[in-house]
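First comes the structure, then the notes that go with it.
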There are 2 protein chains.
Amino acid sequence: MPNMGRKKTQMELIETESARHVTFSKRRSGLFKKASELCTMCAVEVAIIIFSIGGKAFSFGHPNVHSVFNRLRCSENLDASTSSNDAAGQDPILHDLNKTHSDLIEDVGL
Amino acid sequence: MPNMGRKKTQMELIETESARHVTFSKRRSGLFKKASELCTMCAVEVAIIIFSIGGKAFSFGHPNVHSVFNRLRCSENLDASTSSNDAAGQDPILHDLNKTHSDLIEDVGL
DNA sequence: GCCTATGTATAATG
DNA sequence: CATTATACATAGGC
């Protein structure tokens, strides 16, 4: 059928909650994949933490999140930063990190 | 003239140092861009830390790296409120989780 | 760094 | 969640 494929997406907040959640899931996987590729190709250490609107925490780390963040605290040599607004405050649960694994495992098909 | 464009890249460590550095720079920007798009479209908080081989730290954060990092530590403390005053780098669950995560990625060959 | 051909990520569908 | 068309990222070359 016609009208499939990707349309140009407006770079702004996705209002519809369901659509936003779908996009979040897809792009989060994509981001983690890109990060893992960067680790493999360039032998670097990477840590990514994402807090969703609902306050759930998703993480990616190579070799692991803590070692990278601890290393940052020691050197404290920040380079870039991007900011804007937003600052909701909910307390995420550690167990939600398991969801990150489940997603990865499913995507990978293991 | 001919032979331009992108060839399919093997997903492995780039041996040539100069080439690896170029790829690192390009992909790092791409990763940060993806992250900022994710923040804009889905209103989430993201923190990324990258340590290059040379030990230099690159970071991306929305609203900033430290707030996201602290939020993670806060959630960990809430989850493991047994004892200890320094949960960072000591939480067995998160550590094990990310170890598994890394192993999974390596097994897959990403 | 900029440019262009080509591979990849992904918005809409099914 | 699988597909597919298409926007986007990016390897190789200047």
Side-chain angles (χ1 to χ4, degrees), chain A residues 1-44 46 48-50 52-54 56 58-62 79-80 82 84 96 98-110, chain B residues 1-44 46 48-50 52-54 56 58-62 101 104-110:
Chain A
M1 313 261 284
N3 193 27
M4 291 185 78
R6 178 185 190 177
K7 290 179 183 173
K8 179 169 184 175
T9 310
Q10 185 66 29
M11 264 310 302
E12 59 184 12
L13 176 64
I14 298 172
E15 302 289 348
T16 310
E17 191 174 314
S18 58
R20 186 174 59 230
H21 187 267
V22 171
T23 292
F24 174 60
S25 297
K26 288 184 177 180
R27 282 178 172 264
R28 174 164 41 80
S29 310
L31 190 72
F32 285 178
K33 183 180 179 183
K34 288 277 185 190
S36 65
E37 290 180 350
L38 188 64
C39 291
T40 303
M41 299 176 77
C42 304
V44 298
V46 176
I48 303 179
I49 302 292
I50 303 178
S52 67
I53 291 183
K56 298 183 190 303
F58 298 88
S59 71
F60 168 87
H62 176 85
D79 170 63
T82 300
S84 289
D96 287 322
N98 282 307
K99 196 170 186 178
T100 305
H101 261 80
S102 302
D103 290 346
L104 180 59
I105 291 171
E106 287 182 357
D107 290 345
V108 159
L110 285 180
Chain B
M1 296 290 283
N3 192 26
M4 291 185 78
R6 177 188 191 179
K7 291 179 183 174
K8 180 167 184 177
T9 313
Q10 194 63 256
M11 265 315 299
E12 57 186 12
L13 177 64
I14 298 172
E15 302 291 346
T16 311
E17 191 174 315
S18 59
R20 187 175 58 229
H21 189 267
V22 170
T23 292
F24 175 58
S25 298
K26 289 183 177 180
R27 281 176 171 264
R28 175 162 42 79
S29 338
L31 190 71
F32 285 177
K33 183 179 179 184
K34 287 279 186 188
S36 66
E37 290 180 352
L38 188 63
C39 291
T40 303
M41 300 177 76
C42 305
V44 299
V46 176
I48 303 179
I49 302 294
I50 303 177
S52 66
I53 292 183
K56 182 173 182 179
F58 297 89
S59 69
F60 167 89
H62 173 86
H101 199 268
L104 185 61
I105 290 169
E106 287 187 68
D107 288 343
V108 166
L110 287 178

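All values reported here derive from a predicted model rather than from experimental measurement. By convention in this document, chain letters (A, B, ...) are assigned in the order of the sequence lines, proteins followed by strands, and residues within each chain are numbered from 1.
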Between P of C/dA9 and CE of B/Met11, the distance in whole Å: 10 Å

Can you check whether B/Val44 reaches A/Phe58 side chain to side chain, under 4.5 Å on heavy atoms? no

Quick one: side chain to side chain contact (heavy atoms under 4.5 Å, CB included) partners of B/Thr40, sequence neighbours excluded? A/Met11

Could you tell me the separation between the NZ atom of A/Lys33 and the P atom of C/dT10, rounded to a whole number of Å? 9 Å

Any A/Lys7 side-chain N or O less than 4.0 Å from OP1/OP2 of D/dA7: no

Atom CZ of B/Arg20 to atom P of D/dA11: distance rounded to whole Å? 14 Å

Taking CZ from B/Arg27 and P from D/dC8, how many angstroms apart are they, rounded to a whole number? 18 Å

Does a side-chain N or O of A/Lys8 approach OP1 or OP2 of C/dA11 to a distance below 4.0 Å, or not? no

Check every strand shown and say whether B/Glu37 touches a base, only sugar-phosphate, or nothing at a heavy-atom separation below 4.0 Å. sugar-phosphate

Side chain to side chain contact (heavy atoms under 4.5 Å, CB included) partners of B/Thr16, counting only residues at least two apart: B/Ser18, B/Ala19

Ignoring backbone atoms, establish whether A/Thr23 has a side-chain N or O less than 4.0 Å from OP1 or OP2 of C/dA11. yes

Return the value, rounded to whole Å, for the distance between atom CZ of A/Phe24 and atom C1' of C/dA9. 17 Å

Do B/Phe24 and B/Ile53 have side chains that approach each other closer than 4.5 Å (heavy atoms only, starting at C-beta)? no

Can you check whether B/Lys34 has a side-chain N or O nearer than 4.0 Å to OP1 or OP2 of C/dT10? yes

Inter-end axis angle, the helix from C/dG1-D/dC14 to C/dG14-D/dC1, with every axis fitted to five base pairs (rounded, 10 degrees): 30°

Could you state the atom-to-atom distance from CD1 of A/Ile14 to C1' of C/dT10 in whole Å? 11 Å

When the distance from CG of A/Leu38 to P of C/dA9 is rounded to whole Å, what number comes out? 13 Å

Please list, chain by chain and in numerical order, all residues satisfying salt bridge (charged side-chain N to carboxylate O under 4.0 Å, His left out) with A/Arg20, sequence neighbours excluded. none

Taking atom CD of B/Glu12 as the centre, report whether more than 12 heavy atoms of other residues, nucleotides or ligands fall under 6.0 Å from it. yes

Can you list the residues that meet the side chain to side chain contact (heavy atoms under 4.5 Å, CB included) rule with B/Ser29, with sequence neighbours excluded? none

State whether B/Lys26 places a side-chain N or O below 4.0 Å from either non-bridging phosphate oxygen (OP1 or OP2) of D/dG12. no

To the nearest Å, give me how far apart CE (B/Met41) and P (C/dA12) are. 9 Å

